[in-house]
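The next block holds one structure in the form of structure tokens; read it before the comments.
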Amino acid sequence: MAAIPDKPSLDGIESHWDGVWSQEATYGFDRSAHREQVFAIDTPPPTVSGSLHMGHVFSYTHTDTIARYQRMRGKDVFYPMGWDDNGLPTERRVQNYFGVRCDPAVAYQPDFQPPFRGDPPKDHQSVSISRPNFIELCNELTHQDEKVFEDLFRRLGLSVDWSLLYTTIEERSRRISQQAFLRNLARGEAYTQEAPTLWDVDFQTAVAQAELEDRERPGAYHQVAFARTDGDGDVIIDTTRPVLIAACVALVAHPDDERYKPLFGTTVRTPLYGVDVPVLAHPLAQPDKGTGIAMICTFGDLTDVIWWRELNLPTRAIMDRAGRIVMTPPAGITTDAGLAAFAAIAGAKINQAQNTVVDALRTSGTLIGDPRPIVHPVKFYEKGERPLEIVTSRQWYIRNGGRDGDLRTSLLERGRQLQWHPDHMRHRYSNWVEGLNGDWLISRQRFFGVPIPVWYQLDSSGEPNYSDPIIPDESSLPIDPSTDVPAGYTSDQRDRPGGFSGDPDVMDTWATSSLSPQIAGRWGDDDDLFTRVFPMDMRPQGHDIIRTWLFSTVVRAHFEHDSLPWSNTSLSGWILDPDRKKMSKSKGNVVTPMDLFETFGSDAVRYWAASARPGVDTAFSEDQMKVGRKLAMKLLNASKFVLSFPVPPSGATPTHAIDVAMLDRIAETVREATRAFEEFDYARALERTETTFWWFCDDYVELVKGRAYNSQGDDAAASALVAMRIALSALQRLFAPFMPFTTETVWRWWNESSIHLAAWPDSQVLAASSSDIPVSMLDVAGDILGQIRRAKTEAKTSQRTPVARARVHCDPPTRAIFTAVRSDLTEAGSVQEWILIEEPADTPVLVEVELAPST
RNA sequence: GGGCGCAUAGCUCAGUUGGCUAGAGCGCUUCCCUUACAAGGAAGAUGUCGGGGGUUCGAGUCCCUCUGCGCCCACCA
């Protein structure tokens with residue numbers, strides 16, 4: 001136990017207690033606990049290639065309050081931390097930092113040293129290195145970042161068990177990711193297919209539906225005439241992308257559209273290129289869009305893909321993977337004029353080609369009128385800078401119900417089984433699942449990540465056999481097919497006819513992070529641990545990644561374990577700047593968490609975070625942090641005050657009615673806070689606790705402190721002393737999840753072990769002796785005291801001024817209560833004489849205060 | 001177009017099965033260095049609870065409807 005200082009202070013408590021908690025392993029997970037004793041949290045692994053910001057502080061605090069509550073409830077809390085160092089952000093950061101580039105074709109170098117460690121000169125040409133070397137550099141670099149992250153999270157007071165740390169590119173994660181994938185493959189849940197795919201031309205990789213976002217971009221409608229091949233006039237279509245006319249394979253209108261019904265089955269000739277294409281009917285064509293008849297290109301958008309598939313149309317791709325027009329004209333262009341028109345755009349970038357085509361259309365007279373500028377939403381990869389194109393490529397998919405009604409129904413049911421906090425967030429899940437239009441594309445044409453763990457046999461002409469991949473044994477995982485050699489082959493057979501070839505792709509980062517419960521729980525390496533923590537109890541995360549992280553985790557657990565990955569999920573809101581805009585670096589309004597910890601103290605920052613209701617977007621507010629600091633100071637001072645009284649004799653119990661009634665109110669607060677925490681509503685628990693605490697300090701303690709000083713005899717004092725200590729103990733523990741540093745400080749003034757391992761207060765015990773005490777006693781006492789204070793304030797005099805006479809008008813029941821608290825009121829109000837005046841029933845208490853003349 | 005959320009004091013927000021004479025904090029005003037706390041404390045002012053209808057003895061709370069704001073999803077020729 002620590003001595004109570006004369007001037008309690010919050011300075012330095014964070015580093016002090018962090019050290020003590022580490023030393024005492026306060027938050028260590030006891031892996032002998034059985035599943036029902038465990039509370040397991042699937043912590044979101046932050047991306048280490050950025051920096052932690054207020055959004056992290058905000059949402060991780062929410063989770064930590066729940067973790068601490070559960071721990072005090074006696075649960076063995078499994079609270080790991082992970083670092084997400086897999087994926088594009090890390091790839092970029094490692095490239096820039098070391099001046100290297102990942103190239104799976106390069107052989108592994110055991111003692112490789114990068115050309116730079118930080119700040120390569122601008123003219124430096126990146127050195128190509130193998131994927132295993134790249135992963136080693138990633139580990140080296142992210143270790144530095146991870147140290148900074150860990151320091152910040154410790155300073156924030158997260159009760160994480162740091163021995164459970166994982167990273168998403170480490171060996172175990174790669175193993176689990178590959179193992180889960182191979183099991184998906186074996187069960188037919190993963191498959192490879194060549195198909196049109198959304199494609200980022202800068203990153204040159206396929207992207208998944210979940211990673212799309214719409215951005216408003218200027219464009220223009222162009223009316224273009226297609227000549228009917230029967231010579232009977234033109235068909236006018238509207239398009240924003242005339243550049244794709246060379247890729248046009250048909251026109252399409254709605255089957256019921258009377259304007260175009262006569263044309264169905266006929267052909268029209270494309271302007272410039274002179275290719276005959278059919279006019280077809282399909283219900284997806286919208287009569288009220290443009291001219292009501294559209295050109296189908298391979299591929300302008302996802303609707304084109306649907307039409308192409310359902311109408312069995314040919315492919316005339318004109319876009320390469322870097323976003324340029326291909327050099328070779330597509331099939332169908334045969335006339336000299338057509339070939340010349342195509343030659344004019346071959347090799348050009350999309351925008352240039354578009355201008356060329358528009359000019360040519362105008363010259364040829366097939367552009368009707370002027371283009372009409374519009375602003376319309378265009379699909380982008382969320383990390384990308386240019387609009388997505390659609391190219392045909394071979395990719396790996398995991399089934400997610402996008403193409404299978406039964407699976408979709410099962411996954412929707414999983415969403416219903418999950419407890420959502422707040423509940424309305426479940427709609428985002430069902431909305432997303434119901435809107436899926438394809439399976440989950442997991443392969444990426446990148447170089448850094450978890451490799452797709454398969455090879456392909458090459459036939460005598462060197463063509464891969466995709467239908468029967470070569471699968472590694474699970475015991476050999478993780479593997480890198482670009483450097484590892486499949487069983488039964490030798491390395492000199494790589495990429496040779498009759499030999500083998502490794503799959504060049506990596507899995508999308510979500511394909512690994514969707515296994516975070518399995519990774520954190522060490523599935524497959526420590527199944528004893530895994531069975532003690534899985535399915536987990538809680539998945540905290542942002543609501544923006546329901547469609548990615550949450551959904552994909554549900555999919556993987558559904559397939560692998562036939563269960564939900566966790567029973568509850570809690571969704572955090574966004575941090576908004578004080579102008580209610582989402583905070584962003586570009587606006588320069590980002591405050592670093594460490595500055596705030598230093599200014600206000602970690603507990604004050606946590607107080608701000610914990611004051612926000614679950615799932616609600618919340619304004620950044622230093623005012624709230626000031627309030628939090630004030631509360632922490634109050635907790636120090638109130639604790640010091642209560643504990644500075646003599647320890648009551650052992651066996652003493654609260655006997656005074658007011659003391660018992662006070663404890664009853666504390667008990668009610670415990671009930672409310674407990675109920676709120678059981679529903680993951682940390683904010684309500686805090687609010688109730690805080691309200692009661694201020695009442696305890698301002699009203700109750702003020703009322704009884706005279707008696708506690710022994711003004712009314714030993715027994716009367718003992719009742720107050722015992723009651724104050726019982727209440728203080730409960731209040732300190734109620735605050736412990738929110739203000740771990742301050743509460744630990746005050747708790748250790750009178751306890752040997754950590755408050756964070758103490759039992760959550762028990763409302764039954766607190767309220768044990770409160771059977772027949774009128775709850776209204778506290779209100780009556782507060783009311784009378786309040787009226788006396790007001791009289792002194794109105795007289796503009798000190799609260800210490802004695803009251804010569806107080807006439808209390810009250811009804812008979814109130815009179816009885818008054819009598820019970822009269823002695824305490826006498827001291828609290830410095831009242832020299834009371835005069836009771838009886839009023840009819842239900843009359844509000846009225847106190848006429850006659851102040852003593854000032855001396 | 002479909003879905004969800006929000007609208008309560010100048011600001012940020014509580015208000016959980018309908019019982020409120022509508023609350024808190026910040027800010028504002030006044031007073032007090034009262035020996036736990038001046039990075040305090042005591043007290044005070046401020047609201048047609050977005051509009052309209054309905055159910056009810058009683059509606060900020062339930063139902064319908066309208067308006068405004070935000071988010072998610074879909075469409076995007």
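Residue numbering restarts at 1 for every chain, and letters A, B, ... go by the order of the sequence lines.
Counting non-hydrogen atoms under 4.0 angstrom, A/W608 reaches nothing in the nucleic acid. Residue A/A285 is in base contact, counting any heavy-atom pair closer than 4.0 Å across all strands shown.
Taking only side-chain atoms of A/C697, from C-beta outward, the nucleotide of B/G41, B/A36, B/G3 with the closest atom is B/A36. Distances from the side chain of A/Q286 to the nucleotides B/C4, B/A77, B/C71 place B/A77 closest. When distances run from any side-chain atom of A/H376 to the nucleotides B/G5, B/A77, B/A14, the shortest one goes to B/A77.
B/C37 and B/A42 have their P atoms separated by 14 Å, given to the nearest Å. Going from the P atom of B/G10 to that of B/A45 covers 15 Å, rounded to whole Å. Only the C1' atoms considered, B/U17 is 32 Å distant from B/C11, to the nearest whole Å. Taking the C1' atoms as reference points, B/U56 lies 34 Å from B/G2, given to the whole Å. Comparing the same atom, C1', in B/U61 and in B/G23 gives a spacing of 15 Å after rounding to whole Å. For the P atoms, the distance from B/U12 to B/G50 is 15 Å, rounded to whole Å.
Of the two residues contacting RNA chain B, namely A/E679 and A/T303, the nearest-nucleotide position lying further toward the 5' end is that of A/E679. Each of A/K705 and A/D698 was matched to the nucleotide of RNA chain B holding its nearest heavy atom; the match closer to the 5' end belongs to A/K705.
Residues of residues 237-246 of chain A that place a heavy atom closer than 4.0 Å to RNA chain B, in numerical order, are A/D238, A/T239, A/T240.
Close to B/A36, at under 4.0 Å from its OP1 or OP2, lies no side-chain N or O of A/K7.
Aromatic rings of A/W440 and A/F551 (six-membered ring for Trp) have centroids beyond the 6.0 Å cut-off, not under it. Checked against the 6.0 Å centroid criterion, the rings of A/F738 and A/F677 qualify as a close aromatic pair. A distance below 6.0 Å separates the ring centres of A/F58 and A/W608.
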Nucleotide-resolved protein contact map, nucleotides 18-31 of chain B, B/S/- at heavy-atom distance under 4.0 Å: -------SS---SS

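Atom CG of A/L636 is separated from atom P of B/C37 by 13 Å (rounded to the nearest Å). In this structure, A/F641 places its CZ atom 11 Å from C1' of B/U34, rounding to the nearest Å.
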